[in-house]
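Below is one structure, written out as structure tokens; comments come after it.
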Protein chains: 2
Amino acid sequence: VILTVTPNAALDITYEVDELVAHQSHRVTAVRQRAGGKGLNVASVLTRMGHPVIATGLVGGAVGDEIRADLEARGVAARFVAGGGCSRRTVTVVSALHGDATIFNEPGPELTGPGWQSLVAGLDSLLGEATATVVVLSGSLPRGVPDDGYAELVALGHAHGARVVVDADGAALRGALTAGPDLVAPNRAELARATGTQDVAAGVAALRELGARDVLVSCGADGLVLMPEEGAGWHARLPVPLSGNPTGAGDALVAAVAAGLAGDSGWQRTVQDAVAWSAAAVLQPVAGEIDLDDVARLAPQVLVEAR
Amino acid sequence: VILTVTPNAALDITYEVDELVAHQSHRVTAVRQRAGGKGLNVASVLTRMGHPVIATGLVGGAVGDEIRADLEARGVAARFVAGGGCSRRTVTVVSALHGDATIFNEPGPELTGPGWQSLVAGLDSLLGEATATVVVLSGSLPRGVPDDGYAELVALGHAHGARVVVDADGAALRGALTAGPDLVAPNRAELARATGTQDVAAGVAALRELGARDVLVSCGADGLVLMPEEGAGWHARLPVPLSGNPTGAGDALVAAVAAGLAGDSGWQRTVQDAVAWSAAAVLQPVAGEIDLDDVARLAPQVLVEAR
């Protein structure tokens, strides 16, 4: 089984309004809400693609109840840990007139030491029960958790014999590297933020200095570049990029990588799937969803080359 | 005991941001949330002022759990009815730079017939158990409820021997009048919306044509005008109006009126209290709160005259 860990899960609320005007009162014409956070999207995509997966992470309070209920309704297996306070919400206001979004991100609970340790203990117990081959650590760390929080979880995964994938940004990504995660998957902007360089090869080298092993860099319309610790690199892309909703494309990519590692598919097949799943996610209106027919249609179109 | 009925309760969420810019992403620096809806504010003020009160209404879903939890934490007795779907939220975004608020009001659940009937049955059972002398019906009706929804609740209160106060707007206010509520308490804008005239005397006459009995019109800084069905009218005001937070001032006024009716205080004392409680509420940062010292200080200052 694959485990995804979301330390800072959220309830993503979307409001539709006719037009957003600052300092006025708005009648919301439609409300949608959905469990969010990158690791939950990864688990959702893996579930849709038929891969055994359990989502874990810190979820609490009444907002946490809504997150649990949504995942249950969507058929995504979850075993969350409480102890981290009430989960955060995000509110995205979509204006019918302009079509674009105004976003409000709650800061989320500030974690104390015991809160974080309850997540560590919960993951430890889950790893003891389920034979997890791959653990995916995704998204931001809650406030109050040290930057090297993910390093502790990487080491825990390794202690249980699992391979560990980290999809994080900035200090949380850098902090994970000391424990040698098997694969990190920054996009180009995240790679630049973590290393201070815009150059992909130099950025990957910098991550490896810090402890990274295999590095997969997603480059949006240019597809992805995989730089394994050993052996040749790979570049994979669609001949013509798709337009659509980029939210969640990175999570679908990470889901494909986790599935590839879990199935020992080899890099060539894994990067092909990663591009196909990511592109199929772009065709969905919300993050965490994917259509198997889209994947089946797109996968043969992916151009894969060693580099 | 006084019963307050809030058919369309809400969870009021306030976000602080540095500056609201449409079509951008915002880090929320502080989150506050509080049970809202006019009848809950009335119950909260009565509780603070030491009057026995029970809040009822339709509350449901995970948001409803947050409403219940907040009232419990504030010591406000409540006995809600489920069956109306998940309660609505309001989100108020306060910009530190401008100080003013941008508001998003969720539409709330659309009620079916059984949902409304569960509220009616719940109120009937509560009226049967508790010896309620006054019932207060406050705020908007949920979507899907006919405009005369409040008339059914007025008749139910009367059948149990209680006096019924209605604080509603527009069609919900007009729809309540056919059942002859003992007192309605529009502000000037609400009176104009319900009757089509800006003139207070003409507006009150129009309400009475529709079935109103005692009418109390709140006029903001000008205090209030009470036009009883029988006997002299009253005008009450502070010599110098207070500045502050007007949200919830009307609810404090209604709370004082309900307390006056419950205690048979007579009009002179009731309108004096109504102005004092309302002014004291203006000094509070949130609706539903009141300081007894403010009330004690303000009440002797109120100017009351027959008219």
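Not measured: the values here are computed from a predicted model. So you know, we letter chains A, B, ... as the sequences are listed, proteins then strands, and number each from 1.
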N/O donor to acceptor pairs below 3.5 angstrom from side-chain atoms of residues 71-78 of chain B, sequence neighbours left out:
unit_1, atom_1, unit_2, atom_2, d
B:Arg74, NH1, B:Asp70, OD2, 2.6
B:Arg74, NH2, B:Ser44, OG, 3.1

Enclosure of B:Arg188 CZ (heavy-atom neighbours >12, cutoff 6.0 Å): no
Pick from B:Asp65, B:Thr90, B:Ile13 with the largest number of heavy-atom pairs that fall under 4.5 Å of chain A: B:Ile13
Sequence neighbours excluded and cut-off under 3.5 Å, please list the side-chain donor-acceptor pairs for residues 110-119 of chain A, or say none.
unit_1, atom_1, unit_2, atom_2, d
A:Trp116, NE1, A:Glu152, OE1, 3.0
A:Ser118, OG, A:Ala82, O, 3.3
A:Ser118, OG, A:Gly115, O, 2.6

Contacting region of B:Tyr15 [heavy-atom separation from chain A under 4.5 Å]: side chain
Residues of residues 16-39 of chain A with any heavy atom under 4.5 Å of a heavy atom in chain B: A:Val17, A:Leu20, A:Val21, A:Ala22, A:His23, A:Gln24, A:Ser25, A:His26, A:Arg27, A:Val28, A:Val31, A:Gln33
Residue B:Ile67 versus chain A: region with a heavy atom under 4.5 Å: neither
Residues forming a side-chain contact (heavy atoms from CB on, under 4.5 Å) with A:Ser218, sequence neighbours excluded: A:Asn187, A:Leu253
